[in-house]
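Okay, so here's the structure we're looking at.
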Amino acid sequence: MGTKAFNSKVLKEESRPSIVQRMENQERQKKFEQKQKEVEKEIRQEQREALKQGIRPKFVTNKEKSLRMAEDEWALIPDQHQRTIVHIDVDCFYAQVEMVRDPSLRDKPLGIKQKNLMVTSNYVARSMGVKKSMWIKDAVKILPNLVFVDGSDLTHYRQFSTEISAVAQSFTPNVERLGLDENYVDITDIVGDYISPEYSAIEGHVFGDKEEDRKVLGDPCGCGCLQRLTAGSHLAKKIRQQILETTGITCCAGVAHNKLLAKLVSGYYKPNQQTVVFPWQAHDVMESLKQARSIPGIGSTTFKILEDLNISTVQELQNASLSTLHTRFDEETSKRLKDLSYGIDEGLVRKSGKPQSIGLEDAFKKTSKQKSWDLTSQTHQPAKGRLKQKVKERKPQRLKPKALLNLM
DNA sequence: TGGGGTCCT
DNA sequence: AGGACCC
């Protein structure tokens, strides 16, 4: 891969961590570690008490530890930000595809319709007051000369979508597709190649920066996430450029140490921009959401139950006790919900089944009772249709709490 | 607002 | 198979 620099913004002198700041950080780091030891001691004490009373000691996650340290300004546990995740989100996907297929649409206000609904619109239309998705009659009212393309045939969108994922996959196989227009890319394995003085400036936005005066930085954590995420911002830029070159499609990206934050932040500056968020900003990100419903992973049914418990904002969820949640959710989910509200997400990026030539046999077996899936319509890759990818190396281990249980 | 996807039970 | 989540 090329080592040439992109048009990276250079951090202003005064933004670079000075020696004084570094020393300050070290002190904070020391303080932090001290506090951490205290908390862990406390926890061990409680575990012993529990044992004495014949109760099975409660499992204490890193997150809970970090919660107990919350009064500390940097309630962060070192070495828990090891991954680097990029979330890629295509700008108004359907509209862009149509604009690439017919460039004359570029400068016109464009809407993509499916039945009575305009499912998306391009940015020209949006700049004229048309929303993302509206009833067609309403859209026409706002903008009579809105151009419509019918988007009920998804085949082109599918093609572009797999092409986009393929670009990401050319960097690393760890790509998870989410719908047609989103991809999670776990770049942990390759981000090290981009940690160098050449890439020491952050590419694109930092969450919360105001374009001009980007605050930052210093290294409040010290686990290396600052360097990894900075490098990740360059990789994200590179992936986006590659996508643009090979497909003509622009997209946004979010860079973070977990999927949740990467996704939440990827749309923060739109379109065709990218944003990185650091672990110590997790709270700010979560506070920028009002309703807990807008946390990915909290769907309508979960949210209804939460409302029953008088929990509807992110903050309320943060402050809810595990025992309250436990009245309506099982323990795992209760923890999961609290995790989410704090921007904590250990969910792994799961390789999406790129057909990768597994399942040929299955395909032949099933052809007899095939229900008119036209295998012929696919351009390359003969029999890739929709095989239940049962095989799927079950590599990505689900998180197993027991593994963390050693608290000696 | 609906069709298609994945994951979990 | 059904539920819950996502776009």
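Below, chain A is the first sequence line, B the second, and so on; all start at residue 1.
The side chain of Arg350(A) places an N or O atom within less than 4.0 Å of a non-bridging phosphate oxygen (OP1 or OP2) of dC8(B). Contact annotation: Thr302(A) reaches the phosphate of dC5(C) (side-chain N/O to OP1 or OP2, under 4.0 Å). Remark: Arg293(A) is in phosphate contact with dC6(C), judged by side-chain N or O atoms under 4.0 Å from OP1 or OP2. Side-chain N/O atoms of Ser133(A) include none lying less than 4.0 angstrom from OP1 or OP2 on dT1(B).
Using a 4.0 Å cut-off between a side-chain N of Lys or Arg and a carboxylate O of Asp or Glu, Arg101(A) and Glu98(A) qualify as a salt bridge.
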Output side-chain donor-acceptor pairs under 3.5 Å for residues 261-268 of chain A, partner residues at least two apart or in another chain, one line each.
from, atom 1, to, atom 2, distance (Å)
Lys263(A), NZ, Glu182(A), OE1, 2.8
Ser266(A), OG, His87(A), ND1, 2.9
Ser266(A), OG, Lys263(A), O, 3.1

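Distance from the side chain of Asp181(A) is smallest for dC7(C) among the nucleotides dC5(C), dC7(C), dC8(B). Of the candidates dC6(C), dC5(C), dC8(B), the closest approach to any side-chain atom of Lys263(A) belongs to dC6(C). Candidate nucleotides dA4(C), dC7(B), dC6(C) were compared by shortest atom distance to the side chain of Pro296(A), and dC6(C) ranks first. Candidate nucleotides dT1(B), dC7(C), dA4(C) were compared by shortest atom distance to the side chain of Trp135(A), and dT1(B) ranks first.
Here dC6(C) presents its P atom at 11 Å from CG of Leu264(A), a figure rounded to the nearest Å. The separation between Glu332(A) atom CD and dT9(B) atom C1' is 14 Å, rounded to whole Å. When the P atom of dC7(C) is taken as reference, atom CZ of Phe160(A) falls 22 Å away, rounded to whole Å. In this structure, Leu117(A) places its CG atom 13 Å from C1' of dC7(C), rounding to the nearest Å. A straight line from CG of Leu180(A) to P of dC7(C) spans 12 Å, rounded to a whole angstrom. Here the C1' atom of nucleotide dA4(C) and the CD1 atom of Ile298(A) are 13 Å apart, to the nearest Å. The CG atom of Asn183(A) sits 14 Å away from the C1' atom of dT6(B) (whole-angstrom rounding).
Backbone-only engagement by Ile295(A) is indicated by non-hydrogen atom pairs under 4.0 Å involving sugar-phosphate atoms exclusively. Note on Leu154(A): nothing from the nucleic acid sits closer than 4.0 angstrom, heavy atoms only.
Screening residues 129-147 of chain A for side chain to side chain donor-acceptor pair (under 3.5 Å), with sequence neighbours left out, gives no hits.
Checking Arg106(A) against Asn122(A) by side-chain atom types alone, no donor-acceptor pair falls below 3.5 Å. Remark: the Thr302(A) side chain and the Arg328(A) side chain contain no N/O donor-acceptor pair separated by less than 3.5 Å.
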